[in-house]
Amino acid sequence: MSGPKNENVYRDIFEQSPIGLMIFDRQGKIIEANDSTLRFLRAGRDKIIGLSYSDLKDTRVSSLIGKGLSGEASDYEGPYNTTVSGLTLQVRIRVNPLFDNSGVFGVTLIFEDLTERKKTEEKLAVTLSDIRIAQEALEENEVKFKTLFESAGEAIFLMDDRVFLECNPKTEEMFGCKREDIIGASPVDFSPETQPDGVPSSQKAFQKIQAAFAGKTQTFDWLHCRKDRTNFDAEVTLTSVTLNGKALLQAIVRDISGRKRAEEEIRKLNEDLEQKVVLRTEELKATNTYLENTNRDLLLTLEELKSTQAQLVQSEKMAVLGQLIAGIAHEVNTPLGAIISSNEGIQSVFREDWEKLLCEFADLDTQERETWKKIFTKGSIFPDFYDSSEERKNRKIIRETLQNLGFPSSEFLSENLAELGIKIEDIPDLVQGIHKEKFPTLVANAYNLSGILRYSNVVREAASKAARVIRALKTYVYQDHTGISLIDIREQMDLVLTLYYNKVKQGVEIRRNFADNSLVKGQADQLTQVWANLINNAFQAISYQGRLDLESHIKDDYLIVSVTDNGPGVPKEIQDRIFEPFFTTKEKGEGSGLGLDICRKIVERHQGKIDFDSSPGRTTFRVHLPLAEKILI
């Protein structure tokens with residue numbers, strides 16, 4: 001074996017590697033970890049050595065190590081939750097079993113912190129105590145480091161400023177040649193004449209080697225060629241190391257041909273996606289007539305599906321298809337209505353008052369424009385949802401404050417300020433230096449012009465809601481269990497209520513009382529669909545005039561979410577049928593009869609249940625879901 005001959009070679013490679021390296025014994029406990037590992041994990045050696053793989057917080061990585069102890073090599077790239085420091089890192093991991101005559105005697109774990117890759121450029125310093133410990137344990141551990149070097153999943157070279165001095169078996173596999181073909185050769189011998197950017201390989205290799213010898217770790221893409229002169233894309237990391245007092249380079253080569261192909265495919269997909277986004281954006285700008293026609297077509301489709309219900313029930317496949325199409329019509333009606341209403345609001349500004357509004361703005365002086373800007377900025381923000389009692393209280397306080405300051409008393413003025421989100425504490429700053437007679441005109445001008453952005457935000461949110469509903473229905477049909485996440489029920493309720501803001505702000509009193517812990521685990525789109533169905537049904541039951549109570553509380557290991565309205569109630573003779581598919585009490589064309597059936601199936605897939613009780617003046621639907629720390633989906 002040619003190249004450097006020193007009993008510290010493999011230990012030095014292990015300690016000075018810019019990628020994280022760990023060794024687990026056959027019981028799955030960590031017995032060695034290099035400095036890169038400790039730095040990446042933000043943990044001391046005493047916290048790492050002796051830790052068992054079964055104690056690791058991230059089950060994805062612990063399962064890889066378990067496979068390695070069974071003799072199976074594996075790779076992983078993605079997020080990693082550290083056990084000691086509690087960090088979330090983006091990493092690339094390779095797990096390899098270590099074999100001797102008795103079989104698997106341990107596992108090596110190689111990983112790279114992609115979150116802070118540039119930090120790998122820092123030189124890895126070895127302290128005197130590390131050297132002393134390494135020297136004392138060298139004879140016992142050298143075979144482990146040699147095995148790590150030879151079993152690594154990436155090609156590893158040792159080289160001086162001209163030629164390769166040593167390589168591992170993976171190098172022979174990657175380059176399609178024998179070790180003797182590599183030792184003594186230079187990087188240029190395994191490279192095409194020029195790199196993809198047109199720079200000669202010899203020139204570019206010289207620059208990278210010199211920079212690495214200067215102490216700056218080099219990580220870069222490189223076009224290599226095998227012995228048969230076929231090319232492949234690689235990622236190369238050059239790091240300066242010191243072996244037996246001599247400065248050398250360690251080169252780690254990873255074949256990224258597959259990643260390059262995937263990146264090219266992603267680029268093409270992104271281009272296609274951008275074109276589709278442009279088309280969808282243009283569709284959102286279509287006229288109200290187009291939206292109404294689309295809605296009418298969906299309702300006609302629903303009626304056709306209902307007329308053939310008997311045949312659909314006989315075929316399970318056709319029944320699922322019927323539920324999918326009808327569900328889309330049922331769930332998309334609300335965001336389509338929000339888009340139509342908001343678009344009409346935007347057009348009304350330009351159709352009626354825009355010239356007057358611009359003239360009024362032009363007449364404002366510098367101080368008035370500053371006040372106008374503050375009010376306009378408030379009005380441009382997507383509005384929070386308030387219940388009517390809170391809004392009425394805020395309007396009254398604003399009206400009384402303006403009267404006390406000598407400004408004209410105007411219900412219209414106080415209503416505009418309250419709807420824009422102006423608080424009582426904002427009033428003194430807004431009216432300072434403003435002529436009392438001109439203030440109502442200034443507020444009305446800012447309110448009307450900022451309405452364009454408010455309506456635009458509603459269109460954006462409604463379009464996003466429609467997309468999420470369609471995606472949720474698709475997931476429902478195929479029973480897709482991906483996308484499980486931690487969900488705050490309060491945030492989902494606020495999202496649904498926001499879409500109804502303009503329709504219910506004057507006529508519905510909404511009271512919310514949620515438990516501090518309102519967290520469950522599940523598929524967010526599907527649970528949002530449940531709340532949207534229940535809240536929409538409640539609004540329709542009270543004809544958008546009345547009271548809606550949204551509550552949650554904990555009982556045993558369940559979060560119970562209730563939606564209560566003060567409408568006429570569900571007649572007793574049909575209470576046993578309201579969860580049946582296609583059963584509805586709404587007027588023809590207003591409902592498919594699938595909403596509550598879909599809600600029930602979604603809740604049951606989340607290991608919960610839905611029930612209700614109803615009497616004249618009070619109807620409550622309750623959804624029982626396991627708390628986040630108890631649920632297993």
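Note that these values count all heavy atoms, side chains included, but never hydrogens, waters or copies made by symmetry.
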Completion exercise
K521 and I484 have their tightest heavy-atom pair at CB-CG2, 4.4 Å
Exercise for the section: May I ask you to say whether R92 pairs ionically with E77, meaning some side-chain N is under 4.0 Å from a carboxylate O? Expected result: yes
Handout entry: Heavy-atom donor-acceptor pair, N533 side chain to Q529 backbone, under 3.5 Å
Key = yes
Exercise for the section: Applying side-chain contact (heavy atoms from CB on, under 4.5 Å) between F612 and each of I578, T564, L534, report the one that passes. Expected result: I578
Exercise for the section: Verify, without hydrogens or angle tests, whether D597 (side chain) and C599 (backbone) share a donor-acceptor contact under 3.5 angstrom. Expected result: no
Exercise for the section: Kindly say whether F40 contributes a backbone atom to a donor-acceptor pair with the side chain of R42 at under 3.5 angstrom? Expected result: yes
Practice task
Run the ring-centre check on F24 versus Y53 and record whether the distance is less than 6.0 Å.
Solution key: no
Exercise for the section: Verify, without hydrogens or angle tests, whether N566 (side chain) and R547 (backbone) share a donor-acceptor contact under 3.5 angstrom. Expected result: yes
Problem - side-chain contact (heavy atoms from CB on, under 4.5 Å) partner of V623, chosen from I489, I610, V520 - result: I610
Exercise for the section: Inspect the contact between R490 and D494 and indicate whether a charged nitrogen and a carboxylate oxygen are less than 4.0 angstrom apart. Expected result: no
Handout entry: Carboxylate-amine/guanidinium proximity below 4.0 Å for R254 and E112
Key = yes
Handout entry: Check: S54 main-chain N/O paired with S52 side-chain donor or acceptor under 3.5 Å
Key = yes
Problem - Minimum-distance pair of heavy atoms, taken over all atoms of S74 and L64 - result: OG-CD2, 3.4 Å
Problem - Test: R618 and D565 ion pair at under 4.0 Å - result: no
Practice task
Run the salt-bridge test on R267 and E263 with the 4.0 Å N-O cut-off and return the result as yes or no.
Solution key: no
Problem - Exam field: side chain S70 to backbone G66, donor-acceptor pair closer than 3.5 Å - result: yes
Handout entry: K47 side, atom NZ; S85 side, atom OG - distance, nearest 0.5 Å
Key = 11.5 Å
Practice task
Considering only NZ, NE, NH1 and NH2 on the basic side and carboxylate oxygens on the acidic side, decide whether D611 and R600 come within less than 4.0 Å.
Solution key: no
Problem - Atom pair CG (L627) and CD1 (I554), whose distance is rounded to the nearest 0.5 Å - result: 5.0 Å
